[in-house]
Amino acid sequence: MTAQLIDGNQLSKQLRTAVATRAQALKAKGVTPGLAVVLVGDNPASQVYVRNKVKACEDSGLHSVLEKYEATMTEADLLGRVEALNKEPGIHGILVQLPLPAHIDAQKVIEAISPAKDVDGFHIASAGALMTGLPGFWPCTPYGCMKMLESIGYDLRGKHAVVIGRSNIVGKPMALMLLQKDATVTVAHSRTQNLKALTLQADVIVAAVGKRNVLTADMVKPGAVVLDVGMNRNDEGKLCGDVDFDGVKEVAGYITPVPGGVGPMTITMLLVNTLEAAERASK
Ligand code: GUN
């Protein structure tokens with residue numbers, strides 16, 4: 001193996017310690033940072049994610065409330081809950097776990113969350129703030145990727161970053177964050193022709209597609225930084241990313257593993273955003 005690992009568990013530990021310290025400082029002023037997590041339905045993956053988010057809050061001294069509702073909950077009732085949480089002074093962050101049942105318009109629900117409490121960074125006001133470089137909340141997964149680059153002291157100025165994937169949650173905000181740090185950014189997606197020609201030019205590659213082996217060793221320039229956002233299962237049912245880790249680690253300069261890479265960073269940045277929301281609200 002030539003690549004150095006960027007360990008998301010270790011970095012998360014450091015960042016969560018800093019969150020706990022800042023949470024203590026706020027508590028001393030009489031404010032306990034609070035996150036409300038809303039889960040509708042019984043999607044098994046969502047149940048695990050939500051449990052992990054609530055546990056992470058507890059471990060870092062943040063208050064959290066988990067609201068679970070039946071899959072039959074109406075859109076109007078959910079919008080009503082979001083409205084109530086917007087007004088709740090002890091709640092600084094609101095997260096509605098996605099996906100929502102098909103009869104609920106997820107975008108409508110996201111837009112109902114107060115931008116001041118939008119710790120997922122999915123509201124159009126948050127997206128607009130990121131696009132224009134104004135203060136707001138950054139989506140947790142790409143924000144975590146930026147922290148990983150920061151942790152290795154990587155200077156993005158003038159570097160070529162290739163983002164594979166164009167989702168609203170990862171690919172698009174990732175591209176904007178990299179651009180904000182003066183990288184030259186290419187966004188590749190399912191219609192991209194000759195992906196390999198692009199990735200071979202890249203100093204940084206972020207794979208965020210949700211498909212195994214999207215990036216293989218022959219597609220990577222020696223020494224490149226490879227961030228793997230994917231969460232897939234291989235044929236043996238083991239968790240794996242979008243990157244062929246075993247091959248790419250022999251070529252890349254840095255690489256994030258799956259599990260233990262970007263995954264834990266997503267929850268960590270949710271804690272950071274919730275704390276930030278509480279700090280802003282208490283100013
Ligand atoms: N579902 C999968 N990832 C996420 C996330 O980061 N936030 C929310 N709200 N739902 C998700």
Side-chain angles (χ1 to χ4, degrees), residues 8 12 15 34-57 62 64-69 71 73 75 78-79 81-82 85-86 91-102 104-127 130 136-148 165-174 176-177 206-211 227-233 239 241-242 258-259 261-277:
S12 281
L15 292 170
L35 173 71
V37 179
V38 181
L39 175 64
V40 184
D42 46 19
N43 180 309
S46 291
Q47 286 179 344
V48 175
Y49 291 144
V50 157
R51 214 180 309 133
N52 289 342
K53 287 169 186 178
V54 169
K55 181 172 184 307
C57 281
L62 274 60
S64 67
V65 184
L66 174 57
E67 295 193 6
K68 280 183 170 180
Y69 297 103
M73 183 186 210
E75 183 182 278
L78 180 55
L79 290 170
R81 275 314 302 151
V82 169
L85 290 166
N86 282 341
I91 293 298
H92 305 97
I94 303 169
L95 182 149
V96 179
Q97 186 66 23
L98 303 177
L100 287 168
I104 298 178
D105 180 345
Q107 198 56 40
K108 199 164 163 186
V109 175
I110 290 166
E111 301 317 334
I113 297 171
S114 162
K117 298 190 178 188
D118 176 37
V119 288
D120 252 336
F122 294 169
H123 195 287
I124 48 168
S126 303
L130 169 59
F137 292 109
W138 284 7
C140 301
T141 301
Y143 191 8
C145 289
M146 293 304 285
K147 285 284 171 194
M148 293 181 116
R166 56 172 158 180
S167 69
N168 289 338
I169 294 179
V170 185
K172 285 189 222 168
M174 184 81 253
L176 290 168
M177 289 173 202
V206 182
V209 176
K211 220 168 93 184
L227 306 181
D228 191 351
V229 178
M231 283 266 235
N232 312 300
R233 298 264 167 201
L239 205 59
D242 289 354
V258 177
V262 175
M265 292 299 293
T266 297
I267 296 189
T268 299
M269 301 324 291
L270 174 67
L271 302 177
V272 169
N273 278 349
T274 302
L275 182 79
E276 181 72 33

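Residue indices begin at 1 and follow the sequence shown. Atoms within each ligand, like the ligands themselves, are counted from 1 in listed order.
With hydrogens and angles ignored, the 3.5 Å screen pairs a side-chain donor or acceptor of Asn86 with a backbone N or O of Ala112.
Between Phe122 and Asn168 the shortest side-chain heavy-atom distance does not fall below 4.5 Å.
The only member of Leu271, Val65, Leu66 that meets side chain to side chain contact (heavy atoms under 4.5 Å, CB included) when paired with Cys57 is Leu271.
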Which donor-acceptor pairs under 3.5 Å do side chains of residues 34-47 form with protein atoms, sequence neighbours excluded?
unit_1, atom_1, unit_2, atom_2, d
Asn43, OD1, Ala45, N, 2.9
Asn43, OD1, Ser46, N, 3.1

When you check ligand 1 against the protein, what N or O pairs turn up below 3.5 Å? List the atom names and distances, or just say none.
unit_1, atom_1, unit_2, atom_2, d
ligand 1, 1 (N), Gln97, NE2, 3.1
ligand 1, 1 (N), Leu98, O, 2.9
ligand 1, 7 (N), Asp120, OD1, 3.1
ligand 1, 7 (N), Asp120, OD2, 3.2
ligand 1, 9 (N), Val96, O, 2.8
ligand 1, 9 (N), Asp120, OD2, 2.6
ligand 1, 10 (N), Leu98, N, 3.0

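With sequence neighbours excluded, no residue forms a ring pair (Phe, Tyr, Trp, His ring centres under 6.0 Å) with Tyr49. For Glu111, there are no salt bridge (charged side-chain N to carboxylate O under 4.0 Å, His left out) partners, not counting sequence neighbours.
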